[in-house]
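Below, chains carry the letters A, B, ... as their sequence lines are ordered, and counting in each starts from 1. The shown structure was predicted, so the numbers you read here are calculated from the model rather than taken from an experiment.
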Amino acid sequence: MPDSYTLVRALSACSQLRDLGAGDWIHKYVVDIGMGRNGFVNTSLVDMYAKCGSMEKARALFEEMPEKDIVTWGAIIQGYAANGLPKEALEIFQRMQKQSLRPDCYVIVGVLSACARLGALQLGESASSMMDRNEFLSNPVMGTALVDMYAKCGKMVVAWEVFTDMKEKDIIIFNAVISGLAMTGHVKAAFSCFGLVQKCGLKPDGNTFLGLLCGCTHAGLVDDGRCYFYAMSHLYCLDPTIEHYGSMVDLLARAGLLDEAHRTILSMPMKANAIVWGALLGGCRLHRDTQLAEHVLKQLIELEPWNSGNYVLLSNIYSANQKWDESENIRSLMNKKGIQKVRGYSWIEIDGVVHEFLVGDTAHPMSENIYAKLMELTKELRAAGYVPTTEFVLFDIEEEEKEHFLGCHSEKLALAFGLISTKSNVVIRIVKNLRVCGDCHTAFKLISKITCREIIVRDTNRFHHFMDGSCSCRDYW
DNA sequence: GGGCCTGTGT
């Protein structure tokens with residue numbers, strides 16, 4: 001009969017292989033042989049389910065466990081954080097604290113990673129204060145989690161301080177700080193940091209170059225991007241992955257070099273995925289090339305037939321070109337397939353609580369006050385000469401909803417809530433799951449001026465730091 | 001002799 005040691009090792013193998021079938025089988029077996037109450041085995045099972053991406057099963061087992069120790073809590077928290085469910089990770093963490101359990105460094109790492117995704121600065125800071133600062137500075141994993149949390153929350157200066165104080169720096173923490181600098185617009189600093197990597201005798205890896213390319217993209221530095229892309233394979237013997245190609249396509253397409261971007265896709269040694277084509281589509285949008293966009297969208301519909309956005313955009317383009325029949329065909333194809341749209345949502349953290357908003361959301365307890373604030377803002381915006389823009393019609397999926405949800409995109413709701421819930425000198429931080437919409441971007445710039453507030457919005461790929469009527473992205477995103 | 005940790009393109 002296997003003992004608990006054997007079972008733990010076998011489950012660890014399942015975790016590493018992401019083999020849910022084998023893991024399930026062992027779970028049943030564990031119960032059959034009466035080992036279902038062993039803490040080590042149960043924690044291994046929780047971790048196995050988490051690693052296999054089945055958080056429902058991990059959670060069910062976790063809830064059944066009569067005795068959970070700190071490792072069990074760490075496994076479930078980390079599981080939620082790693083599976084893109086940061087809110088759940090924080091909820092479990094708060095439950096853990098109510099039981100007066102002291103977090104260990106594994107728990108803290110999971111919590112910081114969740115806070116980074118949510119942009120929850122206050123929670124991240126209070127979690128990190130539960131540990132001795134030296135723990136962060138001497139443990140590269142913890143240090144990296146902290147640096148990443150600060151960077152993703154827009155506190156790049158603090159992230160940098162932690163980074164410089166680290167006793168030992170490995171390539172992973174360098175990557176975290178390089179991509180942090182890139183995301184927050186400190187591109188030259190990211191480049192210098194790459195110099196430091198070599199000075200420290202470290203070997204850059206693929207992620208180092210992803211960070212650098214990402215920085216080039218945000219700053220529109222096409223030549224630098226081409227250089228790094230060339231250097232990575234020719235000087236550092238790293239094979240570019242599809243992620244690197246995607247980044248290059250993005251860089252070229254944003255800069256208006258649509259042809260070169262398209263040729264890059266066609267020359268890739270691997271089959272292009274939806275992300276790569278999506279980067280080219282973004283360029284078509286930015287530079288208003290509907291002809292190429294039509295071609296790209298056809299590729300995208302083939303690659304991801306369930307994605308509503310592609311159908312909507314293609315049908316918009318057909319309408320704009322008076323191809324009414326084709327436009328209608330696309331719409332009915334979409335209906336026939338029962339395709340649902342992805343909805344945009346935004347988060348804002350107020351006093352350690354993360355609030356979530358959907359487009360046109362009225363579920364929030366403060367909803368009435370939020371909409372009143374929005375009305376007030378809209379009036380002030382109009383007075384300041386703002387006209388809701390229809391310029392993005394062709395390329396904005398959310399456009400057709402705009403009439404019904406005038407001014408009610410999730411980021412605007414989060415902003416209105418932030419404005420009424422904080423003192424006038426507090427910086428407002430919002431996180432969005434999609435790109436910030438063009439109209440909201442214009443409105444936010446003006447709102448930052450009217451209200452004299454700093455507003456930081458992190459969308460899917462970059463920071464928008466609004467201050468005194470302008471944005472750090474210089475309208476290039 | 002055992003179980004939980006960081007970065008990563010749209």
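Applying the 5.5 angstrom centroid cut-off and the 30 degree plane-angle cut-off, the aromatic ring of Y5(A) is stacked upon the base of dG2(B).
Base contact: I242(A) has a heavy atom under 4.0 Å from a base atom. Among the heavy atoms of the strands, none lies under 4.0 Å from G180(A). Nucleic acid contact for L210(A): sugar-phosphate only, since backbone atoms but no base atoms lie under 4.0 Å from a heavy atom of the residue. Using a 4.0 Å heavy-atom cutoff across all strands shown, S44(A) reaches sugar-phosphate atoms only and no base atom. Among the heavy atoms of the strands, none lies under 4.0 Å from N42(A).
Spacing between atom CD of Q16(A) and atom C1' of dC4(B) amounts to 13 Å, rounded to whole angstrom units. Rounded to an integer number of Å, the gap from CE of M268(A) to P of dG9(B) is 16 Å. In this structure, R37(A) places its CZ atom 18 Å from C1' of dG3(B), rounding to the nearest Å. Spacing between atom CZ of F209(A) and atom P of dG9(B) amounts to 16 Å, rounded to whole angstrom units. For H262(A) and dT10(B), the NE2 to P distance is 20 Å, given to the nearest whole Å. Atom CG of L258(A) and atom P of dT10(B) are 17 Å apart (whole Å). The distance between atom CD1 of I265(A) and atom C1' of dT10(B), rounded to the nearest whole Å, is 11 Å. In this structure, CE of M183(A) is placed 7 Å from P of dT8(B), rounded to the nearest angstrom.
Considering only the side chain of R254(A), dT10(B) comes nearest among dG2(B), dT8(B), dT10(B). Nearest nucleotide to the side chain of N273(A), out of dG9(B), dC4(B), dG1(B): dG9(B). Nearest to the side-chain atoms of N207(A) among the listed nucleotides dC4(B), dT8(B), dG1(B) stands dT8(B). Each of dT10(B), dC5(B), dG2(B) was ranked by its minimum atom distance to the side chain of D250(A); first place goes to dT10(B).
Side-chain contact between R458(A) and R429(A) is absent, with no heavy atoms from C-beta onward closer than 4.5 Å. Annotation: side chain of S15(A) is in contact with side chain of D47(A) (closest heavy-atom distance under 4.5 Å).
Centroid-to-centroid, the aromatic rings of Y49(A) and F62(A) stay 6.0 Å apart or farther.
Within 6.0 Å of the CD atom in Q94(A), the count of heavy atoms belonging to other residues, nucleotides or ligands exceeds 12. Other residues, nucleotides and ligands place no more than 12 heavy atoms under 6.0 Å from the NZ atom of K155(A). Shown here is E168(A), whose CD atom has no more than 12 heavy atoms of other residues, nucleotides or ligands within 6.0 Å.
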Would you please test Y80(A) and Q78(A) for side chain to side chain contact (heavy atoms under 4.5 Å, CB included) and show each step? CA-CA 5 Å; Y80(A) 275 124; Q78(A) 170 53 34; over 6 Å; no
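A sub-4.0 Å separation between OP1 or OP2 of dC5(B) and a side-chain N or O of K51(A) is present.
Interface residues of residues 57-79 of chain A facing DNA chain B, ordered by number: D69(A), V71(A), T72(A), G74(A), A75(A), Q78(A); criterion, heavy-atom separation under 4.0 Å. Residues from residues 87-123 of chain A lying near DNA chain B, meaning a heavy-atom separation below 4.0 Å, are D104(A), Y106(A), V109(A) in numerical order.
In the interface, the side chain of S4(A) is paired with the base of dG2(B) through a donor and an acceptor atom under 3.5 Å apart.
Between H295(A) and W277(A), the two ring planes are perpendicular [angle over 60°; tilted spans 30° to 60°].
For Y311(A), there are no ring-ring contact (aromatic ring centres under 6.0 Å, His included) partners at least two apart in sequence or on another chain.
Using a distance-only test at 3.5 Å, with no hydrogens or angles considered, a donor-acceptor pair links the side chain of S346(A) to the main chain of E411(A).
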